[in-house]
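Quick notes on the structure that follows.
Ligands are counted one by one from 1 in listed order, and the atoms in each one are counted from 1 as well. We number each residue from 1, following the sequence as shown. In this text the structure is predicted, and so the values were computed from the model without any measurement.
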Amino acid sequence: MISEITQTGRIVQIRAKTLDVNAYIILFPDYLIIIDSLLLPSDSQKLADLAESYHKPVKYQINTHFHSDHCLGNRYLKQRETTQINQQDYWNTIISERAMINPKRSKRIDHKRLTKPEITFCDEYLLDDLVLLSTPGHSPDSICIYLPAEKALISGDTILNNTAGKYSLPYFFWGNSQNLIDSLEKLLTLDIDTIYSGHGYPLRGKTKIYSDLTYLKNLCTEVDKQRSQQLTSTQLAEKISIISCLNSPLEPAVPQVHELNIRQLKSEH
Ligand SMILES: [Zn+2]
């Protein structure tokens with residue numbers, strides 16, 4: 001079910017109830033760009049219906065990364081005239097993580113369900129007045145879309161805001177901690193008024209980027225300090241509390257993410 005559709009200037013945010021995941025439509029005078037495509041077929045179809053109501057072609061379909069809640073609905077949105085754009089690691093990441101996308105662990109990718117990009121890019125790609133930026137960390141293929149005219153950043157899961165009134169910890173279980181730190185530091189150099197996250201409500205300013213960086217850097221330091229102890233991820237998660245890493249008065253939205261991050265950190269060394 002679609003829970004909310006909000007338009008701010010030319011940015012239309014479509015929020016699905018499932019996982020509170022967002023898709024975005026960017027309105028141009030003669031065409032549309034769609035960013036992400038939701039998870040449930042019925043939600044993706046509603047997104048396609050909404051796009052159709054503008055009576056303009058979907059010229060570009062962009063995915064912020066390979067996780068299914070962000071790309072599984074592509075097949076409902078991609079028209080003959082639509083060009084799909086992804087970071088260059090998108091397809092390889094899908095292949096290497098296919099066990100997650102297909103629980104039956106089939107070796108074959110279902111091309112009817114997953115659509116392949118026509119354009120891929122490495123670091124940066126200019127599309128009209130939008131800037132597509134490679135921001136690995138949450139996943140190897142994660143990107144953000146920057147709209148300089150609006151000082152807006154569509155962040156995918158590079159910056160999370162899942163639950164209103166709670167803190168969404170940065171999540172790098174499918175990616176890499178240092179890559180995420182580097183990506184967030186790169187984003188700090190941009191002039192940003194609003195962050196449109198892959199989940200939940202928009203965030204004002206860059207405060208969330210600073211606090212995510214504090215959490216990540218503290219977590220890396222603390223796990224490093226304990227490295228000689230040979231502790232399990234669960235033991236480490238008990239020893240290194242979220243509060244000791246996070247400088248925020250908000251309660252964590254999904255505390256389990258902390259242990260998954262620790263598990264990933266242990267495997268990085
Ligand atoms: Zn994700």
Side-chain angles (χ1 to χ4, degrees), residues 13-24 34-40 43-44 47 61-74 77 84-103 109 113-115 117 120 132-145 153-163 166-184 186-187 195-203 208-209 212 215-216 219 252-265 267-268:
Q13 182 188 40
I14 299 95
R15 294 179 62 206
K17 211 164 178 197
T18 305
L19 301 174
D20 208 359
V21 64
N22 294 316
Y24 295 91
I34 300 188
I35 299 165
D36 286 348
S37 56
L38 308 177
L39 176 68
L40 296 184
D43 289 345
S44 305
L47 175 61
Q61 160 76 58
I62 302 165
N63 302 106
T64 56
H65 62 300
F66 83 101
H67 284 155
S68 14
D69 48 334
H70 299 266
C71 70
L72 207 57
N74 280 8
L77 294 154
Q84 183 179 326
I85 309 179
N86 294 104
Q87 206 273 351
Q88 66 175 13
D89 292 327
Y90 171 79
W91 198 250
N92 283 341
T93 313
I94 283 185
I95 291 168
S96 61
E97 304 292 351
R98 63 181 173 268
M100 189 196 80
I101 288 171
N102 186 342
I109 295 286
R113 297 190 74 197
L114 291 163
T115 56
T120 61
L132 278 53
L133 295 160
S134 180
T135 53
H138 171 72
S139 68
D141 67 323
S142 280
I143 66 163
C144 289
I145 296 97
L153 186 79
I154 296 176
S155 72
D157 290 357
T158 299
I159 302 159
L160 287 162
N161 190 32
N162 297 45
T163 314
K166 291 198 174 185
Y167 196 93
S168 295
L169 296 171
Y171 181 40
F172 57 87
F173 181 69
W174 298 97
N176 174 280
S177 60
Q178 192 54 51
N179 286 351
L180 186 53
I181 288 172
D182 294 345
S183 292
L184 291 174
K186 183 163 89 175
L187 294 177
I195 296 169
Y196 294 91
S197 174
H199 297 264
Y201 289 107
L203 292 151
K208 182 68 165 61
I209 308 182
D212 278 1
Y215 166 80
L216 290 167
L219 180 65
V254 189
Q256 297 88 323
V257 163
H258 187 60
E259 189 176 331
L260 290 169
N261 282 340
I262 289 174
R263 204 191 296 173
Q264 173 60 19
L265 258 180
S267 75
E268 285 174 14

Donor-acceptor under 3.5 Å (D141 side chain, F66 main chain): yes
By side-chain contact (heavy atoms from CB on, under 4.5 Å) - contacts of S37 (at least two apart): Q61, N63, N74, L77
Residue pairs passing the salt bridge (Lys or Arg N to Asp or Glu O under 4.0 Å) test where at least one lies in residues 166-180, sequence neighbours excluded: K166-E251
Residues H199 and N161: side-chain donor-acceptor under 3.5 angstrom: no
Pair D20-Y201, side-chain donor/acceptor within less than 3.5 Å: no
Residues that D43 engages under salt bridge (Lys or Arg N to Asp or Glu O under 4.0 Å), provided they are two or more places apart: none
Closer than 2.8 Å to the Zn ion (ligand 1) - protein N, O or S atoms, ordered by chain and residue number: H65 NE2, H67 ND1, H138 NE2, D157 OD2
